[in-house]
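Working notes, structure below.
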Amino acid sequence: MAKATTIKEALARWEEKSGQKASEAKEVKLYGQVPPVEKMDGALSALVNCEKLSLSTNCIDRIANLNNLKNLRILSLGRNNIKNLNGLEAVAETLEELWISYNLIEKLRGIRVMKKLKVLYMSNNLVKDWGNPLQEKFAADQSSWIEEATKRVPKLKKLDGTLVVKGEEEEGAEGAEEAEGAEGGN
């Protein structure tokens with residue numbers, strides 16, 4: 001079997017293909033490496049300006065080395081072998097979107113530290129419960145389940161692709177529809 005691709009090697013390939021320097025880039029795509037990346041190693045520390053990082057479709061088993069990514073807003077780790085969310089604390093102040101579908105995650109310990117998280121994609125994992133009886137209690141009433149989940153992660157706007165935000169956005173959309181209707185009547 002081929003030796004795994006290191007982050008350093010993946011970054012070198014990305015720089016060559018994109019014509020950008022990893023240390024200056026706002027968006028870095030290291031998904032689907034051949035052979036796959038197995039470890040989020042220290043070379044990630046070069047991504048000081050990165051706002052969006054994709055490491056999907058690799059063989060990563062744990063989240064690590066995000067300490068220098070002070071601007072990271074979107075992290076895509078779907079289709080890996082990640083078992084838990086340890087390591088996200090390093091980006092808890094900035095991360096707005098986390099894409100972790102198709103992994104081996106059993107528990108969502110660590111999700112509460114995410115202060116700005118708005119979008120969470122986590123389907124096709126091994127999560128059985130959230131560490132509280134919410135899911136079972138509200139399973140029959142989807143809107144109550146979403147409402148309870150958003151109380152625990154207040155800035156969440158989407159949960160597995162379902163819009164969970166109410167208020168200003170809805171009011172803005174209704175106002176736009178009313179304005180559109182008024183224009184159509186003229």
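Nothing fancy with the numbering, it's 1 onward along the sequence.
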List the atom of A92, the atom of V113, and the distance in Å for their closest heavy-atom pair.
CB-O, 3.1 Å

When clusters are formed by joining ILVMFWY residues with side-chain heavy atoms under 4.5 Å apart, either directly or through shared neighbours, do L156 and L88 land in the same one?
yes

Only residue of N68, V28, L53 satisfying side chain to side chain contact (heavy atoms under 4.5 Å, CB included) with L44 is L53

Is the backbone of C59 close enough, under 3.5 Å, to the side chain of N80 for a donor and an acceptor to pair up by distance?
yes

Do the side chain of N49 and the main chain of S23 share a donor and acceptor less than 3.5 angstrom apart?
yes

Tell me if a side-chain donor or acceptor on N125 pairs with a main-chain N or O of I100 at a distance below 3.5 Å.
yes

I need the I105 CD1 to I63 CD1 distance, nearest 0.5 Å.
6.0 Å

Keeping T57 on the side-chain end and R79 on the backbone end, is there a donor-acceptor pair under 3.5 Å?
no

Counting N and O atoms only, with roles assigned by atom type, does the side chain of N58 sit under 3.5 Å from a partner on the main chain of L30, one being a donor and the other an acceptor?
yes

In Å, rounded to the nearest 0.5 Å, how long is the span from SG of C50 to CD of E27?
8.0 Å

Counting only N and O atoms by type, is there a donor-acceptor contact under 3.5 Å from the side chain of N67 to the main-chain atoms of A90?
no

Enter the distance from K155:NZ to K118:NZ here, rounded to the nearest 0.5 Å.
7.0 Å

Between the main-chain N or O of E106 and the side-chain N or O of N84, is there a donor-acceptor pair closer than 3.5 Å?
no

Please evaluate residues K83 and D61 with respect to the criterion side-chain contact (heavy atoms from CB on, under 4.5 Å), reporting the C-alpha separation (whole Å), side-chain torsions for both, the decisive distance (0.1 Å), and the verdict.
CA-CA 6 Å; K83 295 176 183 75; D61 62 359; 4.2 Å; yes

Measure the spacing between CG of N103 and CE of M122 and express it to the nearest 0.5 Å.
11.0 Å

Taking all non-hydrogen atoms of both residues into account, name the closest pair between I7 and M40 and its distance.
CG1-CA, 4.2 Å

Nearest heavy-atom approach of L72 to V91 is CD2-CG1, 4.0 Å

So, S54 side chain and K29 main chain: donor-acceptor pair closer than 3.5 Å or not?
no

Other residues, nucleotides and ligands only: do more than 12 of their heavy atoms fall within 6.0 Å of CZ on R13?
yes

Y31 with Y102, same ILVMFWY side-chain cluster at under 4.5 Å:
no

Inter-residue atom distance R62.CZ - E38.CD, 0.5 Å rounding:
13.5 Å

Salt-bridged, E51 to R73, with N to O below 4.0 Å?
yes

Does K8 reach the main-chain N or O of T5 with its side chain, forming a donor-acceptor pair under 3.5 Å?
no

Same cluster or not: L77 versus I111, using hydrophobic residues (I, L, V, M, F, W, Y) connected whenever any side-chain heavy atoms lie under 4.5 Å apart?
yes

Indicate if L85 and L66 have the same hydrophobic cluster label, given that clusters are the connected sets of ILVMFWY residues with side-chain heavy-atom separations under 4.5 angstrom.
yes

Would you find a donor on one side and an acceptor on the other, under 3.5 Å apart, between the side chain of E89 and the backbone of G87?
yes

Does the side-chain contact (heavy atoms from CB on, under 4.5 Å) test come out yes or no for I60 and V37, once each step is laid out?
CA-CA 6 Å; I60 297 165; V37 171; 4.0 Å; yes

Straight-line distance of L120 CG to E97 CD, nearest 0.5 Å:
10.5 Å

